[in-house]
Amino acid sequence: MKFAIKSKGDEKSNQIRARIEQYLIEFDLIYDSEEPDLVISVGGDGTFLEAFHTYNHRLRDTAFIGIHTGHLGFYADWVPDEIEKLIIEIAKKPFQVVEYPLLDLTIYPKNGGKVDHFLALNECSVKTAEGSVVLDLSIKDEHFERFRGDGLCISTPSGSTAYNKALGGGIIHPSLESIQVTEIASINNRVFRTIGSPLILPKHHVCKLEPIHDERSFLITVDHITGTYNNVDAIECKVASEKIRFARFRSFPFWKRVHDSFVSDDRT
Ligand code: NAP
Ligand code: MN
């Protein structure tokens with residue numbers, strides 16, 4: 001089996017990275033950063049997002065695992081103290097795999113320019129540096145509303161505990177193949193009206209955003225990456241056909257991760 005390790009880059013993460021690499025090589029695994037079967041992220045959830053984006057072109061052949069060197073993460077949910085145990089489990093192979101849904105995002109420019117396509121593990125957000133975002137939102141090709149405000153966030157179930165949560169979105173279990181649309185400070189008064197509630201869309205319910213003001217440029221984030229886009233004709237979001245695969249060596253239920261991260265980390 002071939003593996004790669006992504007470290008956050010701080011001293012603690014680099015030390016752990018070196019230890020894991022040495023152990024796994026002793027167990028006859030091969031370090032291969034080009035075509036790994038297993039990617040180990042050492043750091044935080046942000047490090048895990050980077051690992052995902054480095055290898056998202058080979059999701060079918062790669063499984064991921066996250067070790068946290070700071071606070072408990074949603075993707076980085078192994079502690080450094082468990083490394084020896086984890087190494088032995090990895091060396092035993094084959095391992096179980098758990099799959100989580102992803103967001104599929106396509107940005108269509110006006111005038112037939114280059115179409116951009118992304119997969120997000122957490123979310124995409126659409127904002128602007130100039131005034132308000134004004135766009136028509138449609139679902140399955142039916143016009144739903146004209147949105148005015150700071151922007152929209154479209155998240156995956158596993159991303160629902162990240163930016164989405166801060167925007168008042170619901171926490172969605174990753175076994176539900178869905179995306180969630182949340183508003184970022186919508187303008188609501190007698191003239192302008194939006195739904196106000198987060199919308200949870202199932203598979204195949206494509207959500208399309210069509211900007212109204214041609215001249216505006218948009219800030220579009222995909223997880224930790226931000227890009228500026230001019231001449232956006234439409235942005236399409238849907239549940240991706242691809243999934244992320246996690247290597248699973250022990251049970252750590254999603255609701256327990258939510259509890260331990262946001263409610264309390266004591267076990268009483
Ligand atoms: P960051 O600014 O370090 O991330 C913000 C926080 O979100 C960090 O504590 C990060 O954990 C945590 N996080 C990432 N994914 C999560 C998840 N699925 N569930 C719960 N918490 C999660 O930037 P970053 O580390 O590059 O992460 C990018 C993410 O930040 C974006 O995808 C977005 O979800 C989130 N974000 C949140 C807000 C907000 O809450 N107001 C605003 C902008 C962006 P670590 O410390 O372990 O990395
Ligand atoms: Mn971070």
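Counting convention: from 1, in listed order, for ligands and their atoms alike. Quick caveat: nothing in here was measured; it's all calculated off a predicted structure.
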Chemist: So which residues, sorted by chain and number, lie with a heavy atom under 4.0 Å of ligand 1?
Modeler: Gly44, Asp45, Gly46, Leu49, His71, Phe74, Tyr75, Asn122, Glu123, Ser158, Thr161, Ala162, Tyr163, Ala166, Asp223, His224
Chemist: Which pairs with one or both residues in residues 98-127 pass salt bridge (charged side-chain N to carboxylate O under 4.0 Å, His left out), sequence neighbours excluded?
Modeler: Lys110-Asp214, Lys110-Asp233, Lys114-Asp116
Chemist: Are the side chain of Arg17 and the backbone N or O of Lys6 linked by a donor-acceptor pair below 3.5 Å?
Modeler: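 No: the side chain of Arg17 does not pair with the backbone of Lys6.
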Chemist: Excluding sequence neighbours, so at least two apart, what forms ring pair (Phe, Tyr, Trp, His ring centres under 6.0 Å) with Phe95?
Modeler: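 With sequence neighbours excluded, Phe95 shows a ring pair (Phe, Tyr, Trp, His ring centres under 6.0 Å) to Phe249, given in chain and number order.
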Chemist: Are Arg146 and Asp136 within salt-bridge range, i.e. N to O under 4.0 Å?
Modeler: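 Yes, Arg146 and Asp136 are salt-bridged.
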Chemist: Can you tell me how far apart CZ (Arg58) and CD (Glu35) are? Round to the nearest 0.5 Å.
Modeler: 5.0 Å
Chemist: List for me each residue that meets ring pair (Phe, Tyr, Trp, His ring centres under 6.0 Å) alongside Tyr100, sequence neighbours excluded, and say none if there are none.
Modeler: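 Applying ring pair (Phe, Tyr, Trp, His ring centres under 6.0 Å) to Tyr100 gives Phe246.
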